[in-house]
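The next block holds one structure in the form of structure tokens; read it before the comments.
Letters go in sequence order (proteins before strands), and every chain restarts at 1.
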Number of protein chains: 2
Amino acid sequence: MEIMVNELDERKVVILKAIIKNYLETGEPVGSRTISKLSGLNLSSATIRNEMSDLVEMGYIVQPHTSAGRVPTDKGYRFYVDSIIQENDRRMSEATSLMVQRVDKLEMLLKQMVRFLASDTNYAALISGPSTSTTKMKYLQLSVPAPGQILMILVLEGNVIKNEVLEAIEEIDYDTAMQVTVMLNNHLSGLSLREITPKIITDIMVQAGKQQGNVKLVLDAVTELLEHGETNRDIFTSGAKNIFRYPELSDVDKAADLISAFEEKDRLNELVNEVTSLTVADGAGASGSGIQVYIGGEGPVKNLRDCSLITAHYELGDGMKGVIGVIGPKRMDYEKVMQTLQNMKDQLDNARFTADDN
Amino acid sequence: MEIMVNELDERKVVILKAIIKNYLETGEPVGSRTISKLSGLNLSSATIRNEMSDLVEMGYIVQPHTSAGRVPTDKGYRFYVDSIIQENDRRMSEATSLMVQRVDKLEMLLKQMVRFLASDTNYAALISGPSTSTTKMKYLQLSVPAPGQILMILVLEGNVIKNEVLEAIEEIDYDTAMQVTVMLNNHLSGLSLREITPKIITDIMVQAGKQQGNVKLVLDAVTELLEHGETNRDIFTSGAKNIFRYPELSDVDKAADLISAFEEKDRLNELVNEVTSLTVADGAGASGSGIQVYIGGEGPVKNLRDCSLITAHYELGDGMKGVIGVIGPKRMDYEKVMQTLQNMKDQLDNARFTADDN
DNA sequence: GTTAGCACTCAACTCATTTGATTGCTAACG
DNA sequence: CGTTAGCAATCAAATGAGTTGAGTGCTAAC
């Protein structure tokens, strides 16, 4: 990226930014005369035209048709976003602490966040629940709701609760279930799925005694539950209807596509997973800020034509990592969304749960 | 309703049905010539015109403007739907058993159902989880995940699991929690919220001894959880994007409205509650079939302009009652949807859970 | 390197016209 | 008296010619 800095002289940069900024506001192709008036450069429209024609050649902007103004290309957007990121890194984020600090139920917090995000930005917003494979297990409880059945309850950090009813392998009575519960907690409490070593497993199995079958069943279920939760996180969304605010997305096909992505959470899950797997250092111009911007067909949003995606990773502490993001038209207010998202990220990173205060 | 039967002579009935049927297919106003050809009555368009003009006077159809064809009014739809219901009652439903009979997890079943319903009908579909106040409690388990905290797990019929972490009133240790658990199960297991009498409560409180505060806490939480679940059921949806198939709904305002109703489940919950509270005998022409049809502004859908709602109540046994429904344009294929819904209802009414088979 | 000037382009708008589906009415028919 | 053919009247929607206006590219002069 550094090599490219010199491709554009200062004046071209000013003009390009002015074009994109204006386009973000109006959604209409931008003409030379507009820029001549708004850029602050005191140049005539003719001169601007010459520069614009250069910018077209370099691929930063295009003309929808001969006698129309110019519209940014993906390359243009990319440039714009990258330059915003650089500026923001300089003047650090002054996170205004505007939201609740202590929340009992994680789910509440996330719903609250995503709703705020959508209504603040007027785009569609989503937030994923925390990664289940890196979150620590607080407590595991087995129980016998009916003969031959084992009820397994798994409490994770942040009081996220997972549970499942299993069909027992060996006969198991209430007291035995309690003994096994204590034994399992001794080994597993405080660990995340990733921290369970083979040694721990063997230790557990040795102590399982006659209940080996059931213990294996439970361990498998725990693993399955957490692994499955990894590719199948809870996802909360808000503001899907904001799609209709933007004419370029409200054409029937695209809108239907977006809406169904928001309804069936599967595709959002894929998206979150892809975003997670791309390292922070990666293409999306994250730098130190931890905000990623995917424009147009880039990366995870290649199926969402004419959309851009802005995401942030949050970490609530104790390995509870998740993703929060905004989906909008390519012509979105990148600057504002990035700021809001940075704010949210800071909020979440500093959130503490009342239940943890003991 | 019986009085009205004679308002329309046989020929008018045939013509009216033909008009509505054609309108359902095409979505375009229907002209006299079309009916003259399609009705099978061998009448000229002029005669049809005379009859149509009568039907307009009687309020079954209207003209969007002079020189346009005719379009059914809500009264027209109502007539059409009622006559379908009568015919169907006669030739009983021959429920083709096309779906799974045994499903472990209720949530899976419901998701499966709603997805099928949406893709089969091409409308938007929704299904509510079972009523929590009439579902029986199978098993209640208390536990102490951390000092000063009580983890309450409530297993309902169908292995629906609810849970909550409470802040303890009195000190409570693991063994005490177990004792209380056994005591509570003795009293509550097998009952639904509605079946808990004051006597049961007093009996429990007497036996609570030193743990009175915590027991009260737990009982309140159970009540709160189940009552809250009543107005706040799980709702699964599918096929929201089908809205775009129908031009009359895909105008921006209406679509945005519908979409946000489907995203934020609150309004669907209200809808389900309203549907539930209207008795089966009520206005929506249910008769014996247990299918309700709400046309246009009728009842629960008064906010969803130009939409109709068709619902069925299901009962999985042991008080697990819920609602399944389809939302589409007024011009929807009532006949088909009602049949599909009847089928689903039958499936659900007969579904049995493997976990119950012991 | 910058600018004024001008011919040219083309989507978008306007407005009159045409088209075609459909009605209501009337007079004739059986 | 119900039915029908015929016809003028209506009106949304499609068509198309003409106008507008934003914007460009090019050239010649500053």
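Shortest non-hydrogen contact noted between B:Ile291 and B:Ala312 is CD1-CB, 3.9 Å.
Donor-acceptor pairing under 3.5 Å is lacking for the side chains of A:Arg33 and A:Ser45. When only modelled atom types and interatomic distance are considered, A:Tyr334 and A:Ser308 share a side-chain donor-acceptor pair under 3.5 Å.
By the 4.0 Å N-to-carboxylate-O rule, A:Arg331 lies too far from A:Asp306 to be salt-bridged with it.
One atom, CG of B:Asp9, and another, P of D:dC1, lie 17 Å apart when rounded to the nearest Å. Rounded to a whole Å, the CG atom of A:Leu55 is 15 Å from the C1' atom of D:dT24. Straight-line distance from the CZ atom of B:Arg49 to the P atom of C:dA27: 16 Å, rounded to whole Å. Distance CD (A:Gln63) to P (D:dG23): 11 Å, rounded to an integer number of Å.
Minimum atom distance to the side chain of B:Asn50 is reached by D:dT4, of the listed D:dT4, C:dT3, C:dG24.
Remark: the A:Arg33 side chain and the D:dG23 base include no donor-acceptor N/O pair separated by less than 3.5 Å. The base of D:dT10 lies close enough to the side chain of B:Ser67 for a donor and an acceptor atom to sit less than 3.5 Å apart.
Using N1 to N3 plus N6-O4 or O6-N4 for Watson-Crick, or N1-O2 and O6-N3 for G-U wobble, each under 3.5 Å, D:dA9 pairs with C:dT22.
If A:Ala46 and A:Pro29 are placed on DNA chain D by their nearest nucleotide, the residue sitting closer to the 5' end is A:Pro29. Closest-nucleotide positions on DNA chain C for B:Met52 and A:Glu51 were compared, and the one nearer the 5' end corresponds to A:Glu51. If B:His65 and B:Leu43 are placed on DNA chain D by their nearest nucleotide, the residue sitting closer to the 5' end is B:Leu43.
Nucleic acid contact class of B:Thr66 (heavy atoms, under 4.0 Å, all strands): sugar-phosphate only.
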